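All values derive from a computational prediction rather than experimental measurement.
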Amino acid sequence: MDNALETVELEGNYQKILLIINMFTGVLPAIYVIQIPYLTKYPNFFVKKLNTDYPNRIYEMDYSPELCDSNLYEISKNPNKSIINWSYTFDLYCERKIYITIMTSIVFVGAMLGTLIILPLPDKYGRAKILKSITLISLFLHFSLLFSFGPTELILINFLGGLFSQIYALGYALFTEFFPKSKNGLYIGIYNGIYSLAGVALCFFFMYSNNWRYLYVITCLIHCYYTYITIKYFIESPRWLYSVGEKGKCMNALSEIARYNEREDEWNKFKVNNSHFFEQQNNSQNENNKSYTILEILQFKSQRNTFIKITIIMVCASYNYFGIILNLGKMKGNFYLNSIHAFLGELVAELLSGKLADKYGRIKIFILSCIVGTIGYISYLLSPSYKFFFIFTAMIGYSSIFNTICIYTPEIYPTKIRNIAFSYSTFISKLSPICVPILTELMPNLIDFSFILCGIIAGIIGLNLEETLGKTLIDIIPEEEEEMENLKMKMLNN
């Protein structure tokens, strides 16, 4: 399969189109997740203090719970110093602030369910059908956000948005299946960096713009373009078609990529010289097209060990990342500038670790990231000064851990189970941030130690992972392939 893909070229015109499609796919979670802190930020108020000597004097004040006492204060929104966001438009403060809590939580509930419901579908029905369908659904939800008229509607839209936005994880598989493996780390680093870059863009938007509907006018137009090019140009993954034994469709997909990349002559010669390649696939088609559940995957020894290791690493990386975010939230300074610094730290980590992983190997950079993150956090705890620098360093390390494991995971799993295995590891890892606020409340003296311990555990497990740089991708589960070969031998003997 590698020779067939190299024949139609892995860095041609089609890959440029797919790069655009993939990058837009990576922004989908930002629309529903990163936006929440900005769209739910409380307004600034004009306040009259009742039961005082000057009940008509007006003060400008930020929101605080005591302002909700109507016996003591009379409040009205200050349009001059407030963002015209959801909290301002729909009065989501005082007795209505419960809507903010629900909206924030419901996005993550949708995201967790999305990893279980949405991500396994591309392995069963193909990459193209699922991506195109969800792109259309996401476009409808995006316009629904633009024209939303109340918090109840926003809760439903954000739940569905969180659910369907998890298709972004398919992007990791697409980079692995369509692009040169020598640059896979760089591309996935850029892909993860798009999420961080979207966070920076949102910060600047809300710093200099004053209406949330303007934001959705811009992003809806971009989403229309993304939907158009996805539906028109996205071709089913030849690797996936190969793994399920679809001979004719695999040839058609490769032929179409060859046409885009102006490699039709080379492709026609390859077909003539390697006709047995497709005939072999045709003969084994009925045996290859089975889809697996996670319980069936864990029955394969080769996949069970890998799944357990990667899941533990993802849990540790997610736990530490959200621990860092909590510490950033406690720091003083401008809310927007602190957010920009945090997102820029992630962006640097993702681009740098991706590029280095292509040069020195996934495992080496992963171990280095664990060391940087752990030392950065220990320094943050022990140092009396430069705390922002050390927490910034820790964030770079922990972001790099997640980035390198996202590069590594699609390469280690066979094509047939690439998405479903990744989806369950991701789902389990999303449970870990739930523990951070609970443990912070119950064991405040041990929470910092737990962050350090997670970094060490991830590093130790990483030492036992097999390097994937420079190795051929696996399309069929080894045990399944062995079983098919044994079956063929029995048929020949009979």
Side-chain angles (χ1 to χ4, degrees), residues 30-107 144-158 198-220 325-344 387-388 437 441:
I31 295 171
Y32 299 100
V33 178
I34 297 180
Q35 63 169 357
I36 292 292
Y38 309 104
L39 292 173
T40 57
K41 192 174 185 297
Y42 293 121
N44 180 272
F45 293 95
F46 290 127
V47 179
K48 290 183 179 180
K49 298 180 180 180
L50 307 178
N51 302 324
T52 65
D53 293 336
Y54 305 98
N56 293 319
R57 179 175 293 179
I58 297 175
Y59 303 87
E60 289 185 3
M61 296 179 64
D62 290 327
Y63 173 81
S64 60
E66 56 266 22
L67 292 181
C68 298
D69 189 341
S70 58
N71 294 318
L72 297 178
Y73 301 98
E74 180 184 310
I75 62 173
S76 59
K77 291 175 288 189
N78 179 359
N80 299 322
K81 291 191 176 181
S82 299
I83 299 173
I84 310 302
N85 59 6
W86 292 344
S87 292
Y88 187 97
T89 303
F90 304 119
D91 298 330
L92 304 183
Y93 47 87
C94 293
E95 68 275 5
R96 288 168 61 87
K97 70 178 182 179
I98 185 64
Y99 284 111
I100 294 178
T101 303
I102 296 173
M103 272 190 281
T104 304
S105 301
I106 206 70
V107 170
S144 298
L145 281 174
L146 173 61
F147 296 108
S148 54
F149 51 81
T152 304
E153 182 190 10
L154 287 173
I155 289 171
L156 176 60
I157 295 170
N158 277 284
V200 174
L202 279 171
C203 289
F204 280 112
F205 178 87
F206 285 112
M207 285 173 69
Y208 296 106
S209 182
N210 201 34
N211 196 310
W212 63 276
R213 294 193 194 271
Y214 295 160
L215 171 68
Y216 286 128
V217 168
I218 296 169
T219 55
C220 280
I325 293 297
L326 287 176
N327 276 292
L328 281 173
K330 297 173 184 177
M331 299 189 75
K332 297 179 180 179
N334 184 282
F335 170 74
Y336 297 107
L337 292 180
N338 283 343
S339 299
I340 289 171
H341 287 149
F343 285 125
L344 287 177
K387 284 189 174 291
F388 186 85
E441 187 68 26

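Atom OH of Y59 has more than 12 neighbouring heavy atoms from other residues, nucleotides or ligands inside a 6.0 Å radius.
A 4.5 Å side-chain heavy-atom check between L72 and N51 finds at least one atom pair inside the cut-off. Looking only at side-chain heavy atoms (C-beta outward), M61 and N44 stay at 4.5 Å or farther from each other. Side-chain atoms of Y88 and P79, non-hydrogen and from C-beta on, do get closer than 4.5 Å to each other. Y99 is not listed as a side-chain neighbour of L154, based on a closest heavy-atom distance of 4.5 Å or more. The shortest side-chain heavy-atom distance between L67 and Y93 does not fall under the 4.5 Å cut-off.
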Q) Between C94 and Y63, does a side-chain contact (heavy atoms from CB on, under 4.5 Å) hold up when you go through it step by step? A) CA-CA 9 Å; C94 293; Y63 173 81; 4.0 Å; yes
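A pairwise comparison of heavy atoms in N78 and F46 identifies OD1-CZ, 3.3 Å as the closest pair.
Classified by interplanar angle (parallel below 30°, tilted 30° to 60°, perpendicular above 60°), the ring pair W212/Y216 is perpendicular.
Here I100 contributes atom CD1 and I155 contributes atom CD1; the two are 10.5 Å apart, rounded to the nearest 0.5 Å.
For E60, the salt bridge (charged side-chain N to carboxylate O under 4.0 Å, His left out) partners are K81, not counting sequence neighbours.
Counting only distance, with no hydrogens or angles, the side chain of D91 and the backbone of R96 share no donor-acceptor pair below 3.5 Å.
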